[in-house]
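As structure tokens, the structure follows; a few thoughts come after it.
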Amino acid sequence: QVQLTESGGGLVQAGGSLRLSCAASGQTFGSYAVGWFRQAPGKEREFVGAINWSGSSTYYADSVKGRFTASRDNAKNLAFLQLDSLEPEDTAIYSCAAFKLREITIALQKEEGWYDYWGRGTQVTVSS
């Protein structure tokens, strides 16, 4: 079992930045692929970005490509999502998720069905 806890959300003006963290506990994080998802009010949850188990590969939704950056520190059981050039449309609850599989095509990590563990999310609000 892996427990995931997000932090780092908040209120920011358009154009600003935030850094979200995803802390894993319960097992060594190094064998887990990590994805980031978000859900805005009244909308379905959507994929934002993903990072493979080693941190060597990342993949992003077109809507955030070039603005968001995923990274991780396996020694500290942490994953991160850097949010830059934020827009009001980025307002949502952001959640990290994980599953234990090392060899997977990074693009497949956009599919929610892979993920066994989910955090409860952190709120990101971008004002115009």
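Counting from 1, the numbers follow the sequence of the chain as shown.
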Interatomic spacing from CD in Glu6 to SG in Cys22 - rounded to 0.5 Å:
5.5 Å
Decide yes or no for Leu86 and Phe68: does some side-chain heavy atom of the first lie under 4.5 Å from some side-chain heavy atom of the second?
yes
Judged by atom type as modelled, is there a donor-acceptor pair below 3.5 Å linking the side chain of Gln3 to the main-chain atoms of Ala24?
no
Tell me if a side-chain donor or acceptor on Arg72 pairs with a main-chain N or O of Phe29 at a distance below 3.5 Å.
yes
Would you check if Leu83 and Leu20 make a side-chain contact, meaning some heavy-atom pair closer than 4.5 Å?
yes
Is it true that Leu11 and Val126 fall in one hydrophobic cluster, defined by side-chain heavy atoms closer than 4.5 Å?
no
Between Glu112 and Arg45, what is the shortest heavy-atom contact and its length?
OE1-NH2, 2.8 Å
Donor-acceptor contact below 3.5 Å, side chain Arg67 vs main chain Ser85:
yes
Closer than 3.5 angstrom, by distance alone: can the side chain of Ser21 be matched with the main-chain N or O of Ser7 as a donor-acceptor pair?
no
Answer yes if the ring centres of Phe37 and Tyr115 are under 6.0 angstrom apart, and no otherwise.
yes
With distance as the sole test, does Asn52 use its side chain to make a donor-acceptor pair with the main-chain N or O of Ser57 at under 3.5 Å?
yes
Gln82 to Ser17 - nearest heavy-atom pair and separation:
NE2-CB, 3.9 Å
Listed by chain and number, what are the side-chain contact (heavy atoms from CB on, under 4.5 Å) partners of Ser63, not counting sequence neighbours?
Arg38, Ala61
Please examine the side chains of Phe99 and Val34, heavy atoms only from C-beta on, and report whether any two atoms are closer than 4.5 Å.
no
In one Ile/Leu/Val/Met/Phe/Trp/Tyr side-chain cluster, 4.5 Å: Phe47, Trp114
yes
Test item: Ser54 side-chain N/O and Ser56 main-chain N/O as donor-acceptor pair under 3.5 Å:
yes
At their closest point, which heavy atom of Trp53 faces which heavy atom of Asn74, and how far apart are they?
O-ND2, 2.9 Å
CG of Leu78 to SG of Cys96: how many Å apart, nearest 0.5 Å?
10.0 Å
Is a donor on one side and an acceptor on the other found under 3.5 Å between the side chain of Tyr60 and the backbone of Ala70?
yes
Same hydrophobic cluster for Val12 and Tyr94, using side-chain heavy-atom links shorter than 4.5 Å among ILVMFWY?
yes
Could you tabulate the donor-acceptor pairs under 3.5 Å formed by side-chain atoms of residues 116-124, not counting sequence neighbours?
from, atom 1, to, atom 2, distance (Å)
Thr122, OG1, Gly9, N, 3.1
Gln123, NE2, Ala92, O, 3.4
Gln123, NE2, Thr125, OG1, 3.3

Looking only at atom types and distance, does a side-chain atom of Gln109 sit under 3.5 Å from a main-chain N or O of Ile51, one as donor and one as acceptor?
yes
Sequence neighbours left out, what passes ring-ring contact (aromatic ring centres under 6.0 Å, His included) with Phe80? Give chain and number order.
none
